[in-house]
Amino acid sequence: MDVRQHLRSALAAALVRAGIDMPREQISIERPANPEHGDWSSNVALATAKHAGRNPRELAQELADALNADLPRHVTATEVAGAGFINFRLAPGWLHEVLVGVVEAGTEGFARSAIGAGSSVDVEYVSANPTGPLHAGHGRWAAYGDSLARLFERCGYEVTREFYVNDRGGQMSLFGASLAARKAGQDPPEGGYFGEYITEWAQQMPATADPVDWGSQRAHLDQVEVLASMNAEFDHWASENLLAQSGAVEAVLTILTEGGHVYESEGATWLRTSEFGDNQDRVLVKSDGQPTYFLPDIAYHQQKYSRGDLLIDILGADHHGYVKRMSAAMQMLGHSDDSYEVLIGQHVTLVRDGEEVRLSKRTGTMVEARELVELVGADVARLTFLLQSIDTTQTIDVDLVVAESSENPVYYVQYANARVYSLARRAEQRGVSLSPLAEVDLSVLAHQRELALLRVLSELPEVVERAMQARAPHQVTTWSRECAAALHGFWHDCPILSDDLDEQVRQGRMWLVEATRIGLGVSLDLLGVSAPESM
RNA sequence: GCGCCCGUAGCUCAGUUGGAUAGAGCGUCUGACUACGGAUCAGAAGGUCGGGAGUUCGACUCUCUCCGGGCGCGCCA
């Protein structure tokens with residue numbers, strides 16, 4: 001099926017003849033950056049020559065000779081280049097088979113992998129405190145977490161999207177007190193919340209309501225609404241309050257104590273996280289008898305294992321110091337080191353009117369996620385977040401995003417999608433019908449633009465797997481831009497509906513467009529961006 | 001001081017888990033419109049991949065070190 005497998009098999013056989021035994025899967029087959037180096041290339045000769053005590057160039061020539069004596073499927077020539085690369089030139093037939101494969105798989109099956117079949121993963125992200133609206137920075141975690149979840153699903157995992165609501169503790173008291181103060185026409189207490197929304201919400205709050213309960217509900221609903229508008233919906237909302245009431249916190253403390261991981265010092269209760277890689281021990285129960293955030297959070301993570309074999313937390317860079325202690329706690333509870341994973345995302349900096357905006361709920365100078373979505377639209381907001389790796393800090397100039405919104409990459413990709421759909425409409429208007437794929441001779445697809453587009457399409461399955469494994473949805477964004485570029489180029493140079501076009505070519509091109517529709521559809525769905533049929 | 005992340009074109013960022021001549025968008029300059037929707041396409045200019053050393057047949061990628069930026073560093077969450 002996959003060309004690369006054919007090439008691997010052929011290389012493996014040639015290697016055996018040369019006296020080298022190598023597992024087929026370890027043979028690297030790559031697509032050369034330079035077209036002059038063929039369609040596919042392998043560096044096995046370079047990789048094995050030293051170990052086999054051979055000259056790489058000679059070994060490569062020997063392998064190439066063996067391959068040329070009995071050319072693998074689709075291969076027209078095998079040649080040696082550079083220090084010992086083996087380059088394969090293929091007839092376009094392999095790309096025509098890609099087209100058939102894409103169309104047969106359809107939007108449902110194309111670029112779907114089974115490597116996660118039978119495994120489950122629980123992804124927790126955003127988890128903002130219910131003390132106010134989400135700020136624009138939260139949007140990055142929403143877009144990233146949701147798209148990562150989609151990638152896992154595409155790869156066969158059973159996925160739970162989860163949000164932890166810290167509806168308890170000191171911050172909630174301050175939040176409630178701030179609401180109550182504004183309600184009474186006073187300033188919030190020291191360390192309280194000074195954002196404008198507090199005043200606004202206080203006015204909405206019934207006089208008889210409990211500020212903490214009412215406020216947390218108000219904030220929660222506000223957050224849910226914005227997340228939904230960004231196409232980020234959650235399967236599970238976990239409440240710290242409910243967790244505390246369930247007795248799970250005491251239970252986990254008992255387990256940790258019985259495991260000998262807990263001790264008393266200076267009136268507080270400590271966990272020996274330093275024995276599991278943390279740089280110091282951590283307090284579970286403060287000297288005033290109150291638990292820290294850490295203890296209920298351990299109980300919470302323990303519960304999450306009922307929803308996934310693999311736990312993933314997505315946290316902002318300011319929480320990276322927290323990773324070791326939770327990882328230590330999970331190991332104390334008997335969970336393997338690799339069953340708990342924390343992805344640290346760097347912060348979003350917002351620039352407005354040429355000045356950096358600090359995203360603080362307490363001081364109230366933030367840009368709300370809602371505001372950003374209203375300004376640029378959900379698709380632009382979401383794709384903007386998914387444009388780059390979360391390992392880098394992201395600077396979003398709000399004015400620039402608004403001003404350049406029509407030049408945003410999202411429109412470039414969506415326009416390609418709209419063009420694809422417009423073809424079907426135009427074809428119908430002109431009475432052109434699409435023949436069954438089996439009756440179409442795809443060998444007519446030989447234009448450089450056609451082959452380039454097919455080449456891009458052939459890459460999506462591996463892009464999806466790689467992006468999942470690297471926890472890097474932005475790789476799908478990059479692919480969708482490349483696919484759109486290939487479509488636009490093809491569209492520009494290859495007419496489809498013009499009257500003087502050969503009917504066989506027309507049919508081939510229409511099927512190529514159909515395959516592109518599937519590829520773009522899959523990638524946009526993974527990104528959580530809409531795939532408009534017209535713009 | 002210690003830990004995590006980053007440093008690639010004027011700007012914003014990719015770079016296929018070590019490969020051959022480092023890419024895209026924006027911006028600048030120049031072309032393609034009786035157009036299956038030009039929200040497009042083609043070309044040009046623009047690079048000591050922060051500096052240095054090491055490993056390797058081969059380094060933007062791995063290791064060490066220095067410089068610069070962001071974030072965090074015992075009973076906040």
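Residue numbering restarts at 1 for every chain, and letters A, B, ... go by the order of the sequence lines. Values reported hereafter were calculated over all heavy atoms of this structure, with side chains retained and with hydrogens, waters and symmetry mates removed. Everything numeric in this text was worked out from a predicted model, so none of it was measured.
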Q | A:F85, nearest nucleotide to its side chain (from B:U40, B:G19, B:G74) | A |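 So the side chain of A:F85 is nearest to B:G19.
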Q. With respect to the side chain of A:Q171, which nucleotide from B:A77, B:A39, B:C13 is positioned closest?
A.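 Looking only at heavy atoms from C-beta outward on A:Q171, the closest nucleotide is B:A77.
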Within the 4.0 Å heavy-atom criterion, would you say [X] contacts the bases, only the backbone, or no part of the nucleic acid?
X      : value
A:K50  : sugar-phosphate
A:A81  : base
A:H319 : base
A:Y412 : sugar-phosphate
A:H37  : base
A:R57  : nothing
A:N43  : base

Could you tell me which residues satisfy side-chain contact (heavy atoms from CB on, under 4.5 Å) with [X], sequence neighbours excluded, listed by chain and number?
X      : answer
A:Q303 : A:L243, A:S246, A:A248, A:R307
A:D391 : A:S389
A:Q290 : A:K286, A:D288
A:E79  : A:A77, A:N87, A:R89

Q: Applying ring-ring contact (aromatic ring centres under 6.0 Å, His included), name anything that partners A:W40, two or more places apart in sequence or on another chain.
A: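 Partners of A:W40 under the ring-ring contact (aromatic ring centres under 6.0 Å, His included) test: A:W94.
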Listing, residues 484-502 of chain A side-chain donor-acceptor contacts under 3.5 Å, not counting sequence neighbours, or none:
| unit_1 | atom_1 | unit_2 | atom_2 | d |
| --- | --- | --- | --- | --- |
| A:H488 | ND1 | A:R419 | NH1 | 2.9 |
| A:H488 | NE2 | A:Y412 | O | 3.1 |
| A:D493 | OD2 | A:R449 | NE | 2.8 |
| A:D493 | OD2 | A:R449 | NH2 | 3.3 |
| A:S498 | OG | A:D500 | OD1 | 3.3 |
| A:D502 | OD2 | A:Q504 | N | 2.9 |
| A:D502 | OD2 | A:V505 | N | 3.1 |

Specify the separation, in whole Å, of atom [atom1] of [X] and atom [atom2] of [N].
X      : N     : atom1 : atom2 : value
A:E30  : B:U16 : CD    : C1'   : 8 Å
A:N87  : B:G19 : CG    : P     : 15 Å
A:Q394 : B:C13 : CD    : C1'   : 10 Å
A:D397 : B:C13 : CG    : P     : 11 Å
A:L400 : B:G25 : CG    : C1'   : 12 Å
A:D493 : B:G38 : CG    : C1'   : 14 Å
A:L315 : B:C71 : CG    : P     : 17 Å
A:N408 : B:C13 : CG    : C1'   : 13 Å

Q: May I ask you to decide whether A:E514 forms a salt bridge with A:R517, counting only side-chain N to carboxylate O separations under 4.0 Å?
A: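 Looking at A:E514 and A:R517, the cut-off is met.
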Q) Closest heavy-atom contact between A:T131 and A:Q171? A)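 Distance-wise, the nearest heavy atoms are CG2-O, 4.2 Å.
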Q.
Return a single string for nucleotides 4-10 of chain B, one symbol per nucleotide in 5' to 3' order, where B is base contact, S is sugar-phosphate-only contact and - is none, cutoff 4.0 angstrom on heavy atoms.
A. BSS----
Q.
If you take the centroid of each ring, where Trp contributes its six-membered ring, are A:W141 and A:Y125 closer together than 6.0 Å?
A.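 Aromatic pair excluded; centres sit 6.0 Å or further apart.
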Q: Using the ring pair (Phe, Tyr, Trp, His ring centres under 6.0 Å) rule, collect all pairs that involve residues 458-483 of chain A, keeping only residues at least two apart or in two chains.
A: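 Applying ring pair (Phe, Tyr, Trp, His ring centres under 6.0 Å) to every pair that reaches into residues 458-483 of chain A, excluding sequence neighbours, yields nothing.
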(Q) Among residues at least two apart in sequence or on other chains, which ones pass side chain to side chain donor-acceptor pair (under 3.5 Å) with A:T269? (A)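 So A:T269 forms a side chain to side chain donor-acceptor pair (under 3.5 Å) with A:E264.
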Q: Return the residues of residues 269-283 of chain A meeting this criterion: a heavy atom under 4.0 Å from some atom of RNA chain B. Order them by number, or give none.
A: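 The stretch gives A:W270, A:Q280, A:D281, A:V283 as the residues lying under 4.0 Å from the strand, ordered by number.
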Under 4.0 Å between a side-chain N/O of [X] and OP1 or OP2 of [N], yes or no?
X      : N     : value
A:R449 : B:A42 : yes
A:Q475 : B:G15 : yes
A:Y411 : B:U40 : no

Q: Report the secondary structure of RNA chain B in dot-bracket form, marking unpaired bases with a dot and bases paired to a different strand with |, and treating Watson-Crick or G-U pairs with both distances under 3.5 Å as paired.
A: (((((((..((((.....[...)))).(((((.......))))).....(((((..]....))))))))))))....
Pairs under 3.5 Å (N/O, protein and nucleotides 31-36 of chain B):
| unit_1 | atom_1 | unit_2 | atom_2 | d |
| --- | --- | --- | --- | --- |
| B:C36 | O3' | A:R426 | NE | 3.4 |
| B:C36 | O3' | A:R426 | NH1 | 3.2 |
| B:C36 | O2 | A:L497 | N | 3.4 |
| B:C36 | N3 | A:I496 | N | 3.4 |
| B:C36 | N4 | A:W491 | O | 3.1 |
| B:C36 | N4 | A:C494 | O | 3.0 |

